[in-house]
Amino acid sequence: MPTTQSSPVLTDWRPEDADFWRASGKAVARRNLWISVPNLLLAFSVWMVWSMVIAKLKLVGFKFTTEQLFWLAALPALSGATLRIFYSFMVPIFGGRRWTALATLSLLIPAIGIGLVVQDPTTPYGVFVGLALACGLGGGNFASSMANISFFFPKSEKGAALGLNAGFGNLGVSVMQFLVPVVIGLALFGPLAGAPQTIVDHGVTKHIWLQNAAYVWVPFIVAAAVAAWFGMNDIASARASFADQAVIFSRKHNWIMCWLYLGTFGSFLGFSAAFPLLTKTLFPDINVLQLAFLGPLIGAGSRALTGGVSDRFGGDRVTQWSFLALAVGVLGVLAGVGAYGAAPSFPIFFASFLWLFFWTGVGNASTFQMIPTIVRADMPRLMPQATAEASQRAAEMESAAIVGFTSAIAAFGGFFIPKAFGDSLKATGNPQIALYVFLGFYVSCVIVNWAFYARKTSMLRAPALIKVPAQ
């Protein structure tokens, strides 16, 4: 019997049933997707707002060193990645509706905290470390959001749905980087937000309200959490304990996809966090805050728009081209910073980073599309005696858990990339060592993806070659 969806808990959910999907499933899935998107967008905005705030700290009187600032840029990714490990298992335990609403409300902690401390230049560095770690609450949300949405859509539409959720969610980085330079120049909340700071930027004296970079998100966070609580659904059949989901730790392909997704999503996060500060360090005459939003905008847009491409042509093929393109992009950045003997060039540097952002988005969509396809293809080997229904249910549960867990591991890229740039600059005065490390990593991803998934005799290209134990 088709569910009426009047209850927040869906007791009858069969997205692979074509009649059910047409009658009621598609509308419900889309409603949950479009409520999920702004919640995830806000999570990314709060998670990455730190990268913009720290670029202004010296201007408003804080005496932190460049190394300390790169640490602050890296810490939200470290905490966000760690929280994702736990968040990736929360939806089957608590339900997607409940967890989305509560996780979004938790963003008020860093949003309000940052707004308070940036107004006092005597605030100890340790307090900023704590708030940088609290920004990771936004990072954790991605794992649970993607796992939740994966339950709602049939296999044929998962790539597009996950691409839209993640792509528009990732857009939060670009929205934040575009909005923050605007709102810090306005007395947006009047005296309620506190007094302005007087700065001298590029020889011009002006007032800014740096606290607005954080406070601007507060009303949106409350509204999005309310929408999630009253507008989203929990799926009864998606419930599973941690013990049930922990089977993914014994799955080889879980760990392979962690490596590949570290190369795509980890790169998107790391470049988003490091780009403003790296550009300001290498090209101090460039007003980077007016340009920083373009990279994440391109990366988020390419992710949102190319999920369907992976559904059509195969995520493994798209992933292969993505890593080859990322390697080319790193070579371009090396040219931009003067690694080949020529003088550093901001146009080459900037264009190469935009290229990198574009292909991280494409690769983000394609690697996530691969996960449910891989799990389904491997089920006959893993569960040779299971019924079709039991096999499908296990594949859905494992796919959602792997989607969440791989996003957790990949998020550590948001820590390692800014830290690598900071260490390279400290050791040699330039970022070239870090860039060569990234280049080597992308080459390894090309090899791994080809060996397991993209070659003609792989489990995805020739699933009939998979050995099924005799019954």
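Just so we're clear, the structure is a prediction, and the values are computed from it rather than from any experiment. All values below were derived from every heavy atom in this structure, side-chain atoms included, with hydrogens, water molecules and symmetry-related copies excluded.
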Ignoring hydrogens and angles, tell me if any N or O in the side chain of N364 forms a donor-acceptor pair with the backbone of T360 under 3.5 Å.
-> yes
Name all residues meeting the side-chain hydrogen bond (donor to acceptor under 3.5 Å, both in side chains) criterion together with S345; count only those two or more places apart in sequence or in a different chain, and write none if there are none.
-> none
Output the distance between atom CG (L131) and atom CG (L75), rounded to the nearest 0.5 Å.
-> 11.5 Å
Could you tell me the separation between the CG atom of L282 and the NZ atom of K280, rounded to the nearest 0.5 Å?
-> 12.5 Å
Smallest heavy-atom separation, S302 atom then G361 atom, equals OG-CA, 3.2 Å
Between D378 and R381, is there a salt bridge with N-O shorter than 4.0 Å?
-> yes
With sequence neighbours left out, what residues match R251 under salt bridge (charged side-chain N to carboxylate O under 4.0 Å, His left out)?
-> E398
May I ask you to test the P431-F421 pair for a side-chain heavy-atom distance under 4.5 Å?
-> yes
Let me have the donor-acceptor pairs involving side chains of residues 329-343, under 3.5 Å, with sequence neighbours excluded, atom names and distances please.
residue, atom, partner, partner atom, Å
Y340, OH, L331, O, 3.1

F416 side chain near L78 side chain, heavy-atom distance below 4.5 Å = no
T367 side chain near Y453 side chain, heavy-atom distance below 4.5 Å = no
Within the distance-only criterion (no hydrogens, no angle test), does the side chain of R30 pair as donor or acceptor with the backbone N or O of K26 below 3.5 angstrom?
-> no
Side-chain donor/acceptor pairs under 3.5 Å, residues 268-277, sequence neighbours excluded:
residue, atom, partner, partner atom, Å
S272, OG, F268, O, 2.7

CG on L33 to CD on E157, rounded to 0.5 Å | 10.5 Å
Look only at the side chain of W217 and the backbone of L107, and say whether a donor-acceptor pair between them is shorter than 3.5 Å.
-> no
T406: side-chain hydrogen bond (donor to acceptor under 3.5 Å, both in side chains) partners, not counting sequence neighbours | none
Only counting residues at least two apart or in another chain, list the ones meeting side-chain contact (heavy atoms from CB on, under 4.5 Å) with A228.
-> I35, N39, T100, A101, M232
Spatial distance of atom CZ (R14) from atom OG (S24) [nearest 0.5 Å] | 8.0 Å
Please report the shortest heavy-atom distance between A224 and T104, naming the atom on each side.
-> CB-CG2, 4.3 Å
With sequence neighbours excluded, residues passing side-chain hydrogen bond (donor to acceptor under 3.5 Å, both in side chains) with N148 | none
Restricting to pairs with a member in residues 437-452, which pass side chain to side chain donor-acceptor pair (under 3.5 Å), not counting sequence neighbours?
-> W259-S444, S267-Y442, Q320-N449
Shortest non-hydrogen contact from S424 to Q432?
-> OG-N, 3.7 Å
Criterion side-chain contact (heavy atoms from CB on, under 4.5 Å) on D234 and L10, from CA distance to verdict | CA-CA 6 Å; D234 299 318; L10 304 177; over 6 Å; no
Answer yes or no: is there a side-chain heavy-atom contact under 4.5 Å between L297 and L171?
-> yes
Spacing of I402 atom CD1 and C258 atom SG [to the nearest 0.5 Å] | 8.5 Å
Quick check, are the ring centers of F152 and W21 under 6.0 angstrom apart?
-> no
Under 3.5 Å donor-acceptor, R97 side chain and W229 backbone = yes
Min side-chain heavy-atom separation I256-V448 under 4.5 Å = yes
When you look at L137 and V46, which way does the side-chain contact (heavy atoms from CB on, under 4.5 Å) test go after all the steps?
-> CA-CA 8 Å; L137 290 167; V46 173; over 6 Å; no
Over all heavy atoms of both residues, which pair between G266 and I417 is shortest? Give the atoms and the distance, please.
-> O-CD1, 3.7 Å
Using side-chain hydrogen bond (donor to acceptor under 3.5 Å, both in side chains) as the criterion, list what pairs up with E16, not counting sequence neighbours.
-> R376
By ring pair (Phe, Tyr, Trp, His ring centres under 6.0 Å), W359 pairs with (sequence neighbours left out) W355
Taking the side chain as C-beta and beyond, is there a heavy-atom pair between N141 and W47 under 4.5 Å?
-> no
Of all the heavy-atom pairs spanning I221 and A111, show the shortest one and how long it is.
-> CD1-CB, 4.2 Å
Please say which of W255, Y87, F86 ends up in a ring pair (Phe, Tyr, Trp, His ring centres under 6.0 Å) with F405.
-> W255
F346: partners by ring pair (Phe, Tyr, Trp, His ring centres under 6.0 Å), with sequence neighbours left out = F283, F350
Which heavy atom in G136 sits nearest to a heavy atom in L83, and how many Å separate them?
-> O-CD1, 3.5 Å
Any side-chain heavy atom of V443 sitting closer than 4.5 Å to one from I447?
-> yes
State the CG-CG distance between N32 and N233, to the nearest 0.5 angstrom.
-> 4.5 Å
Show your working on side-chain contact (heavy atoms from CB on, under 4.5 Å) between W321 and V362 and close with a plain yes or no.
-> CA-CA 9 Å; W321 284 106; V362 175; over 6 Å; no
Measure up the H253 and F452 rings against each other and bin them: parallel (under 30°), tilted (30 to 60°), perpendicular (over 60°).
-> perpendicular
Residues at least two apart in sequence or cross-chain that pass ring pair (Phe, Tyr, Trp, His ring centres under 6.0 Å) with F415, listed by chain then number, are W71
S250 backbone acceptor or donor facing N254 side chain under 3.5 Å | no
side-chain contact (heavy atoms from CB on, under 4.5 Å) between D423 and K426: does it pass, once the steps are laid out?
-> CA-CA 5 Å; D423 289 345; K426 182 180 180 181; 5.5 Å; no
Using a 4.5 Å cut-off on heavy atoms from C-beta on, say whether the side chain of F178 contacts that of L294.
-> no
Backbone of P76 reached by a side-chain donor or acceptor of S79 within 3.5 Å | yes
